[in-house]
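In what follows, residues are counted from 1 in the order of the sequence shown. Atom set for the values below is all heavy atoms of this structure, side chains included, hydrogens, waters and symmetry mates excluded.
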Amino acid sequence: MSVRLTARIRIAAALTFTAAVVGALNLSPATQPTATASDQPEAEVNVEGFAFDDNEAGKPVRGLFQSHNHHWSYKGFGQGPFCGKTFDVEGITKAMVDCPEHSPAGIPAWFEQLASGQALLTPHSTTGWPTFQDWPRPDSATHNATYYKGIERAWRAGVRLYVDHLVTNRGLCLIYTPRRASCDEMDAIRAQAEEARAFEAYVDEKSGGPGKGWYRIVDSPQHAREVIAQGKMAVVLGIETSEPFGCSRYLGKPQCTEEDIDRGLDEVYDLGVRSMFLCHKYDNALCGVRFDSGTNGLVVNLGNFVTTGQFWQAETCTGPHHDNTIPPADAGVLALLWSKLAGVVDPVTLPIYPKAPHCNKLGLTDLGKHALEGMMERGMIVELDHQSVKAADETLKVLEENNYSAVISAHDWTDQGYYERVTKLGGMITPIVEPHGHTVDIWRKVKAAADERYQFGFGFGLDQNGLHLSLPKAGESPQIEYPFTSYDGKAKLDKQVWGDKTWDFNADGLAHEGLTPDWLEAVRLEAGEDAEEFVADMVNGAEAYLQMWERAQGR
C-alpha cells in the first residue's frame with residue numbers, strides 16, 4: 001500500500017489524510033473449467049493459448065512474478081471506503097458495484113472525488129455492469145481494480161507467482177464512515193485471509209472441484225513449485241498493516257509484548273501468511289517509518305499524531321541514507337484536516353524540524369527485533385519497505401548476522417542505497433508500477449547491484465486497491481498494438497471485454513488488473529534495445545523468489 005506524491009497536491013493531501021486517520025479461454029488440460037449452465041453475465045478474458053505451459057516438476061520455474069497487490073481491501077478498513085469486490089458467487093453484476101454512500105449520482109462520494117482530483121460534489125456514474133463508464137480507472141482510490149477475471153487474464157499471460165498482501169489501517173477506519181466492521185487491524189487480517197480462501201474455493205468450483213482451480217494459496221516454496229508445474233498460479237499471502245498483533249505505540253510506549261508477538265506470528269502463520277511488513281506509514285512498537293514527503297508528509301504526520309499521540313521525531317541525517325523530507329506546515333491544509341478530525345483529537349501545532357535531510361530517530365525496537373527473529377525462525381519473507389533508514393539499517397544488520405536471504409523491497413519504498421546490501425544477502429528489489437520509465441529504470445539499477453552468486457530475476461508490484469494513485473494513465477506509456485503476445489509468445493491477447501466496455505490500455509491506462517499484460521507489453525517496448533534481456537529477467541522472477549525463500553527455509 002503506497003500513496004505517492006504527485007503534482008496533484010490537494011489529492012495527495014486528502015488521500016493520505018484519509019489513510020492516516022472462463023469466457024473464450026482454451027486453458028491447459030489440468031485447469032480446464034467445467035462447463036456449467038449459467039445465465040449470469042460475466043467478463044471475458046480474451047486470451048488465446050496459455051503462457052509458460054511447459055513448467056515441469058523438478059526444473060527451474062519460468063514465469064512472471066507479481067510482488068505486491070491487494071485483492072481484499074474491501075474486507076479491511078472497517079469495510080468502509082472501498083467499493084466493489086474481487087468476486088461474488090452471483091458474478092460481476094453483484095461484485096463490481098459502487099458504494100451505496102456514493103448515491104445519488106456519485107455526488108456524496110467526497111473521498112472518491114478528492115482521490116480523482118475532482119471538486120467536491122462532482123458526479124460520477126454509479127452504474128457498473130455493463131458500461132463501467134467512470135470506473136475502475138488508474139486514479140480511483142475507492143473502486144475495486146482486481147475483479148477476478150482480470151487476475152485470471154494475468155495468470156493466462158504468464159504470472160506464475162503472486163504475493164497478495166492483506167491490508168488495513170485503523171486510522172482510516174476511525175475517520176471513514178459508514179463503517180461496517182471492526183477497526184481492529186487483526187480482525188481485518190483474519191477476514192481477508194478467510195476471503196482469500198473463499199475465493200480459492202470459488203475458483204475450484206468453477207474449475208471442476210477441490211484442488212482443480214488455477215488460484216492456489218501456497219505455504220512453502222516446494223508447494224509453490226508443485227502448483228506452478230501444474231500450470232496454476234502460486235499465491236503467497238502477506239501482511240501490510242500499521243499495527244500488526246496490536247503492536248501500536250502511544251506516547252512512546254509499546255502497546256504489545258513479546259508474548260503478543262509470538263502468539264500473533266503463530267496465528268498469522270497458521271492463516272497461511274508467509275511475508276510481512278514490520279511497520280507501515282506510522283511509527284509503531286516494532287519500528288519507525290520512512291517519512292512521506294511533500295503535502296503527503298504533512299498529513300501522514302498528522303495521522304502519526306492521531307494514532308501514536310506524537311508527531312514524527314526527526315533529526316538531520318549524518319549518513320548517506322535518509323528518509324523523505326518532512327514539509328513545513330501549511331495553514332490551509334492544517335485547518336482542513338483539523339476540521340475533519342473534530343471529535344477525534346484536538347488541534348495542536350506541528351513541531352519545527354531541523355535542517356533536511358531528515359531521518360526518523362526511531363529505528364528497529366527491541367520488540368521489532370524479537371518479531372524479526374520470530375519471522376526468521378518460521379522462514380518468512382521480511383518486507384523492508386516503509387521502514388525508516390535507521391530501522392532498515394538495523395534490520396539488514398540482523399539479517400546479515402544470520403545470513404538470512406528472505407528480504408524484499410517489493411514496491412521500492414526504501415532508500416536505493418540499500419540495494420547492494422539486499423542483493424548481497426540474496427534478497428530481491430521490485431518496483432511499484434508507475435508511469436513510463438520507472439520499471440526499466442529500477443531494473444537497470446537493481447541489476448547493476450546484483451550479486452552473481454544468486455539467480456537474478458525481476459518482478460513488479462501493482463499495489464492496486466492500496467491508495468496508489470500513480471498507476472500509468474492513458475498516454476503515459478508507449479502505444480501498444482492489439483492483439484499482442486505474452487513474453488514467451490505462447491498466448492495471444494486481445495482487448496478485454498466487460499459487457500459493453502472494451503478495455504484498451506492506450507485509452508484507459510492500467511485501470512484494473514486485467515490490463516497488467518497490456519502494461520507489460522508497453523514496458524517491453526520501453527526497454528528498447530534491452531528488451532530481450534529485460535524479458536529474460538522478468539521470466540526468471542518467480543524462480544529467483546523461490547530460491548530466495550528456499551534459502552531461508554534451508555537455515
Side-chain angles (χ1 to χ4, degrees), residues 1-3 14-21 69-88 95-103 108-115 140-146 164-196 198-199 237-250 255-256 264 267-268 271 273 277 279-282 284 299-300 302-308 337 339-345 463-468:
M1 180 177 179
S2 175
V3 182
L15 276 173
T16 318
F17 156 71
T18 319
V21 194
N69 213 19
H70 306 289
H71 287 158
W72 321 113
S73 298
Y74 57 91
K75 286 287 186 179
F77 307 91
Q79 298 184 23
F82 291 93
C83 311
K85 300 190 294 185
T86 297
F87 80 105
D88 190 283
M96 290 296 287
V97 295
D98 210 346
C99 290
E101 59 266 29
H102 285 194
S103 293
W110 62 272
F111 181 53
E112 172 64 18
Q113 291 151 6
L114 292 172
S140 172
T142 66
H143 294 104
N144 186 281
T146 60
D164 183 13
H165 289 90
L166 315 178
V167 61
T168 192
N169 180 283
R170 182 171 61 93
L172 176 55
C173 179
L174 289 172
I175 197 65
Y176 191 92
T177 55
R179 291 190 294 273
R180 302 170 180 89
S182 167
C183 288
D184 184 278
E185 293 193 359
M186 292 310 296
D187 284 349
I189 294 302
R190 296 177 191 108
Q192 291 177 64
E194 182 179 358
E195 189 80 344
F199 177 62
L237 295 183
I239 288 179
E240 183 183 33
T241 194
S242 300
E243 299 172 353
F245 323 132
C247 284
S248 60
R249 177 185 181 88
Y250 195 73
Q255 304 298 298
C256 68
E267 179 185 7
V268 299
L271 289 175
V273 172
F277 291 77
C279 52
H280 175 244
K281 289 298 178 186
Y282 315 120
N284 64 21
V299 292
V300 177
L302 285 176
N304 201 79
F305 177 79
V306 171
T307 56
T308 72
L337 297 177
S339 70
K340 294 290 185 181
L341 287 166
V344 178
V345 65
D463 204 11
Q464 288 171 316
N465 302 338
L467 304 181
H468 172 39

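Using the six-membered ring where Trp is involved, Phe82 and Phe77 have ring planes that are tilted, between 30° and 60° apart.
With Asp164 contributing its side chain and His71 its backbone, the two residues share a donor-acceptor pair below 3.5 Å.
Applying the side-chain hydrogen bond (donor to acceptor under 3.5 Å, both in side chains) test between Thr241 and each of His280, His165, Glu185 identifies Glu185 as the sole match.
Rounded to the nearest 0.5 angstrom, Thr168 OG1 and Ile239 CD1 are separated by 11.0 Å. Phe87 CZ to Trp72 CH2: the interatomic distance, rounded to the nearest 0.5 Å, is 5.5 Å. Taken from OG1 in Thr307 to CG in Asn169, the straight-line distance is 7.5 Å, to the nearest 0.5 Å. To the nearest 0.5 angstrom, Met96 atom CE is 5.0 Å from Asn144 atom CG. Atom CD of Glu101 is separated from atom SG of Cys83 by 6.5 Å, given to the nearest 0.5 angstrom. Here CD of Gln464 is found 10.0 Å from NE2 of His70. Values are rounded to the nearest 0.5 Å.
Residues meeting the side chain to side chain donor-acceptor pair (under 3.5 Å) test with Asp98, sequence neighbours left out: His102, His124, His143. For Glu243, the salt bridge (charged side-chain N to carboxylate O under 4.0 Å, His left out) criterion is met by Arg170, not counting sequence neighbours.
The two residues Pro108 and Ser103 make their nearest non-hydrogen contact at CG-O, 3.2 Å. Closest of all the heavy-atom pairs between Cys256 and Gly246 is CB-O, 4.0 Å. Of all non-hydrogen atoms in Gly80 and Cys99, the two that sit nearest each other are O-SG, 4.3 Å. Of all heavy-atom pairs spanning Leu237 and Ala196, the tightest one is CD2-CB, 4.2 Å.
Side-chain contact check for Asn284 versus Gln255: every heavy-atom pair is 4.5 Å or farther apart. A 4.5 Å side-chain heavy-atom check between Arg190 and Met186 finds at least one atom pair inside the cut-off. Put simply, the side chain of Val273 reaches to within 4.5 Å of the side chain of Leu166, judged on heavy atoms.
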Begin from the C-alpha positions of Asn465 and Ser73 and carry the test side-chain hydrogen bond (donor to acceptor under 3.5 Å, both in side chains) through to its verdict. CA-CA 6 Å; Asn465 302 338; Ser73 298; 4.9 Å; no

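Between Thr146 and Thr86, the side chains place a donor N or O and an acceptor N or O closer than 3.5 Å (distance only, hydrogens not considered).
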